[in-house]
Enquirer: 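For reference, the structure I am asking about is given below.
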Amino acid sequence: MDVRRCTYPLLAETTYSMELPSGLTVIAMPRSGFQRYYAVFMTKYGSNDSQFIVPGQTQPTEVPDGIAHFLEHQLFAKPWGSADERFAAWGASPNAFTSWTRTGYLFSTTDNFNDCFRFLIDYVLEPYFTVEGTEKEKGIIEQEIGMYDDDPGWQLTISLLQALFHQHPVRRDIVGTVESVRQINKQLLDDCYRTFYHPSNMVLVATGDFDPAVVLDMAAEQVANKRFVAQGDIGRVYPEEPVTIAQSVVTRQMHVALPLFGMGFKETELGASGAALLRQRAVTELVLEAVLGRSSELYQELYAAGLIDTDFGAFYVGQPDHGYSLLQGESKDPARVREAILVELQRLSRTGLDEAAFVRSRKALYGSCLRNLNIPARVANDVADCFFDQVDYLLYPEVLAELTLAEANARLRQHLDPAQAAFAQILPLE
Amino acid sequence: MSTWQTVTTKSNLQLHLWPTEKFKTTVLQLFIARPLDADYSQFALLPHVLRRGSADFPDALSLARRLDDLYGASLRVSTHKFGDRHVFGLELELANEQFLPKPSPLLREGLTTLASLLLHPLLESDAFRADYVQQAQEAQIRTVQGIFNDKAYYAQQRAVAEAFRGQPYARLSLGAVDELAAVTPAGLYQFYQQVLAQGQFHLFVSGPIEQEQVRELCEQTFTGRLGQTAATDQTVALLAPVETGQTVLEKQDVSQGKLAMVYHTGLGFNDPLFPALMVYNGILGGFGHSKLFQNVRERASLAYSCYSSLLPEKGALLVEAGIANDKLVQTQQITAAQLAALRQGDITEEEWDKTIVALRSGLRGLEDRPAYLAVTQLQRMLAGWTLDNEALVKALGQVTLEQVVAVAKAVTLHTVYFLHGQDQSGGEQ
């Protein structure tokens with residue numbers, strides 16, 4: 001098996017990757033001098049994947065919402081106990097997460113990296129689903145659903161996504177609903193696991209002060225034991241989603257001291273992957289920074305007027321099949337904030353961003369990228385996540401350097417378009 | 001592992017340098033230390049006024065733009081209470097020059113910005129700008145009042161205030177609401193000048209740096225005379241033991257009770273038994289495998305959160321737990337049983353090994369977070385402690401059971417504080 005070596009001179013970093021016979025890609029990123037080791041084992045499977053075509057079949061399979069997250073919980077269950085206890089004995093901290101598009105299993109440790117790494121591969125690739133375990137998990141997940149139902153910040157995000165999207169599954173909560181979770185059974189878990197937890201649909205990223213060749217060999221050895229049969233591509237089925245937004249204003253009430261507010265902008269340029277997608281992400285983040293970041297006139301005006309605080313921020317999500325920008329914060333007067341943002345967007349679509357704002361925002365993002373690199377775990381997560389869209393996360397600084405002012409202004413007009421914007425607020429209960 | 005080189009500049013600034021290639025940024029942390037005395041509220045407020053702007057960057061927009069021009073430099077204020085010393089930090093994290101797409105004297109400009117905020121404040125008529133002081137006051141008062149809403153933190157502060165009643169350590173490092181409200185722009189400016197004359201000034205710099213270059217830049221950017229280089233091994237009064245502990249109960253409309261108990265240990269940073277005290281605390285309640293977590297939470301299901309921590313400069317230890325309103329006596333009994341077990345050396349091999357691994361792992365993990373490491377280093381230096389991380393990791397491996405038992409025998413209850421939502425009459429189950 002060939003080891004592919006990629007160097008990133010701007011960052012003085014190198015990655016070593018290998019595609020195993022089973023189709024799994026393993027990426028080792030040595031970080032000299034760091035005391036902590038980290039690894040994440042990720043699958044291209046999330047809550048959005050409730051409709052899919054199993055490789056070799058022609059008809060789509062449809063499953064209840066919440067299985068990806070349910071599977072994440074259940075993978076820790078083993079005949080001898082829970083997988084996280086094993087990590088604790090080695091002094092390691094394990095965790096896992098499910099998003100709309102990915103599920104990840106990870107650990108962080110200062111000792112016993114080899115043991116932890118081999119075990120990570122084992123416990124994710126050797127499931128133990130039982131009827132009893134599945135039923136027991138339902139109660140726990142029901143409680144988790146309740147917890148998110150009580151979280152105003154999360155509910156604001158969900159409200160915005162529901163306002164932006166008519167049909168796309170991203171408008172549905174990652175954990176599913178109480179009703180959908182009740183429909184989950186061992187057979188469904190087995191079927192979804194078999195389809196999505198195939199090494200060819202996964203990536204394994206490790207980082208730390210290690211010899212990358214040793215890490216890659218360990219992974220190859222550990223996976224070879226499992227004897228996987230080759231599998232074709234999984235068909236991803238998403239409903240027809242109109243270009244337009246579903247609802248322009250959403251208002252809800254919850255137990256909050258100060259109102260929460262947010263705006264979402266729907267992505268209309270879909271289908272990008274690889275370098276084009278990375279560039280789309282970079283230019284959008286630059287535009288958001290320039291319009292709404294701490295150096296923008298808008299931010300300082302709103303802050304000085306006491307209408308926003310330092311919690312205020314924006315981010316962009318760009319996937320090949322869907323995307324959006326969200327800005328969120330707390331305010332005593334959300335309507336005024338919305339008004340100010342719309343007025344500023346109107347002004348900027350006319351005048352465009354000036355050169356100084358463009359240069360400054362690019363510098364700010366560059367610095368932010370460097371700060372991120374000080375946290376190897378975060379970098380590993382980003383590298384893994386980006387891998388599935390053929391995006392090379394570590395090329396971000398180079399792409400930033402290539403962007404132009406004209407490009408940023410075109411993107412501003414095209415993406416931060418009030419016609420594609422939804423506004424949501426969560427007000428205190430009377 | 002990390003080693004800090006210390007050099008004092010001509011201006012009396014104590015410079016601590018850790019050159020390391022593993023990070024992409026240079027972290028600058030300017031700390032000012034002074035006694036935790038009657039002016040503590042002014043000292044708590046001061047950095048928030050200084051970071052608001054300077055003569056060179058007179059408003060929030062110009063300062064934000066300056067920082068973004070420095071490749072998105074992040075500026076932070078921190079406040080600390082280290083024994084009877086009060087510290088605030090102005091911290092700037094800068095992209096390191098070697099990773100920039102084109103050359104830029106970022107380190108010099110970052111140091112100049114920091115020096116500007118500290119030494120060229122924005123003044124009007126021999127006072128700080130009134131509206132900046134007012135905004136900082138209001139924000140700080142909100143922060144202090146916000147503690148009331150974080151019931152666990154509130155209980156912790158109340159326990160400390162009761163245990164150290166009448167002593168400097170009882171003070172909250174963020175200041176007192178009435179004193180903060182009473183600060184005036186002119187008064188604060190006068191106090192600032194006193195701080196410049198009498199405080200201890202430390203600058204920690206870590207990252208891919210060249211020591212001589214940093215020293216030279218600091219000599220050029222931090223001019224004038226900066227405070228005193230006072231001796232670091234000031235004797236701090238340790239918490240005195242008491243015959244019988246005191247109990248303080250407070251009732252509020254809370255659904256869960258917050259218990260915070262202060263114990264006397266008699267051991268400060270410099271005591272040779274301090275590593276053994278760290279092991280003691282780890283076994284008692286530092287981690288998920290610890291006695292308190294396992295017995296109060298896992299076995300008795302009395303708490304979700306239950307742990308112990310050290311107040312290292314003051315020779316004290318805190319036990320905290322969130323428990324049901326009517327479970328005070330039961331929790332105290334289980335806690336007392338764990339302390340008794342430790343006095344008898346009743347520690348399993350698993351408890352011991354997991355604790356040593358976790359303590360060492362924590363110290364090693366600190367090495368990957370330079371900002372936190374610098375704060376820890378400052379804390380140790382101010383206490384006159386000379387063990388660095390590497391030496392401490394080694395020392396932990398040499399701690400014996402006898403030493404931990406000796407520590408356990410010196411630990412006595414001093415103050416119990418319980419915040420609860422229902423009447424606490426005697427004789428609960």
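A quick note: this is a predicted structure, and the numbers were derived from the prediction, not measured. In what follows, chains carry the letters A, B, and so on, assigned in the order in which the sequence lines appear, proteins first and then strands, with residues in each chain numbered from 1.
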Enquirer: Mind checking the CG-NZ spacing from A:Leu11 to B:Lys24? Nearest 0.5 Å is all I need.
Expert: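 Between atom CG of A:Leu11 and atom NZ of B:Lys24 there are 6.5 Å.
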Enquirer: Could you tell me whether a side-chain N or O of A:Arg371 sits under 3.5 Å from a main-chain N or O of B:Gly72, the two making a donor and an acceptor?
Expert: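 Here the side-chain-to-backbone pair exists.
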Enquirer: Report the residue from A:Glu297, A:Glu301, A:Arg294 that forms a side chain to side chain contact (heavy atoms under 4.5 Å, CB included) with B:Leu61.
Expert: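 Of the listed options, the one satisfying the test is A:Glu297.
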Enquirer: Are B:Glu93 and A:Asn374 packed together at the side-chain level, in the sense that at least one heavy-atom pair is separated by less than 4.5 angstrom?
Expert: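 Sidechains of A:Asn374 and B:Glu93: in contact.
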Enquirer: Is B:Ala358 close to chain A through its backbone or its side chain, or both, or neither, when contacts mean heavy atoms under 4.5 Å?
Expert: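 Contact with chain A: none, neither part.
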Enquirer: Measuring from atom CD1 of A:Ile375 to atom CZ of B:Phe23, what distance do you get when rounded to the nearest 0.5 angstrom?
Expert: 10.0 Å
Enquirer: Select one option (side chain, backbone, both, neither) describing which atoms of B:Leu63 are under 4.5 Å from chain A's heavy atoms.
Expert: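 Neither the backbone nor the side chain of B:Leu63 comes within 4.5 Å of chain A.
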Enquirer: For the interface with chain B, which of A:Leu370, A:Asp309, A:Asn372 has the highest count of heavy-atom pairs at distances below 4.5 Å?
Expert: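 The option with the most such pairs is A:Leu370.
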Enquirer: Count the heavy atoms belonging to other residues, nucleotides or ligands that lie under 6.0 Å from CZ of B:Arg369, then report whether that count exceeds 12.
Expert: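 No.
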Enquirer: Is the number of heavy atoms from other residues, nucleotides or ligands under 6.0 Å of B:Gln398 CD greater than 12?
Expert: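 Buried by this count: over 12 neighbours within 6.0 Å.
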Enquirer: Picking from B:Ser74, B:Ser62, B:Ala95, which has the most non-hydrogen pairs under 4.5 angstrom with chain A?
Expert: B:Ser74
Enquirer: Of all heavy-atom pairs between A:Ser295 and B:Ala64, which one has the smallest distance, and what is that distance?
Expert: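 In this case the closest contact between A:Ser295 and B:Ala64 is OG-O, 3.2 Å.
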Enquirer: Please check if the number of heavy atoms outside A:Phe315 that lie under 6.0 Å from its CZ is greater than 12.
Expert: yes
Enquirer: Checking A:Tyr366 against chain B: side chain, backbone, both or neither under 4.5 Å from a heavy atom?
Expert: side chain
Enquirer: Under 4.5 Å heavy-atom distance to chain A, tell me which part of B:Ala73 shows up: side chain, backbone, both or neither.
Expert: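 For B:Ala73, the contact with chain A is made by the backbone alone.
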Enquirer: Where is the tightest heavy-atom contact between A:Gly91 and B:Ser361, given as atom of each residue plus distance?
Expert: O-OG, 4.4 Å
Enquirer: What distance separates B:Glu367 CD from A:Arg36 CZ, expressed to the nearest 0.5 Å?
Expert: 12.0 Å
Enquirer: I need the minimum non-hydrogen distance between B:Ala60 and A:Gln300, along with the two atoms involved.
Expert: CB-OE1, 3.2 Å
Enquirer: Taking side chain as everything from C-beta outward and backbone as N, CA, C, O, which of these in A:Arg360 sits under 4.5 Å from a heavy atom of chain B? Side chain, backbone, both or neither.
Expert: both
Enquirer: Answer yes or no: is there a donor N or O on one side and an acceptor on the other, between the side chain of B:Asp68 and the main chain of A:Ser361, under 3.5 Å?
Expert: no
Enquirer: Among A:Gly293, A:Ala364, A:Ala88, A:Cys369, who wins on heavy-atom pairs under 4.5 Å with chain B?
Expert: A:Ala364
Enquirer: Does any heavy atom of chain A fall under 4.5 Å from the side chain of B:Thr20, the backbone, both, or neither of them?
Expert: neither
Enquirer: Using a 3.5 Å distance criterion without hydrogens, assess whether the side chain of B:Lys22 forms a donor-acceptor pair with backbone atoms of A:Gly33.
Expert: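 Yes, B:Lys22 side chain to A:Gly33 backbone: donor-acceptor pair under 3.5 Å.
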Enquirer: Heavy-atom pairs under 4.5 Å with chain A: which of B:Val357, B:Leu67, B:Asp59 has the most?
Expert: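 Heavy-atom pair counts peak at B:Leu67.
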Enquirer: What part of A:Glu289 is in contact with chain B, defined as an atom under 4.5 angstrom from a non-hydrogen atom: side chain, backbone, both or neither?
Expert: side chain
Enquirer: Do other residues, nucleotides or ligands put more than 12 heavy atoms under 6.0 Å from the OH atom of B:Tyr307?
Expert: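 It does not: B:Tyr307 OH has 12 such atoms or fewer within range.
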Enquirer: Report yes or no: does B:Asp368 contribute a side-chain atom to a donor-acceptor pair with the main-chain N or O of A:Gln35 at less than 3.5 Å?
Expert: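 Here the side-chain-to-backbone pair exists.
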Enquirer: Counting heavy atoms not belonging to A:Glu402, are there more than 12 under 6.0 Å from its CD?
Expert: yes
Enquirer: Taking every non-hydrogen pair under 4.5 Å, which of A:Leu10, A:Asp111, A:Leu373 racks up the most with chain B?
Expert: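 Most heavy-atom pairs within the cutoff with chain B belong to A:Leu10.
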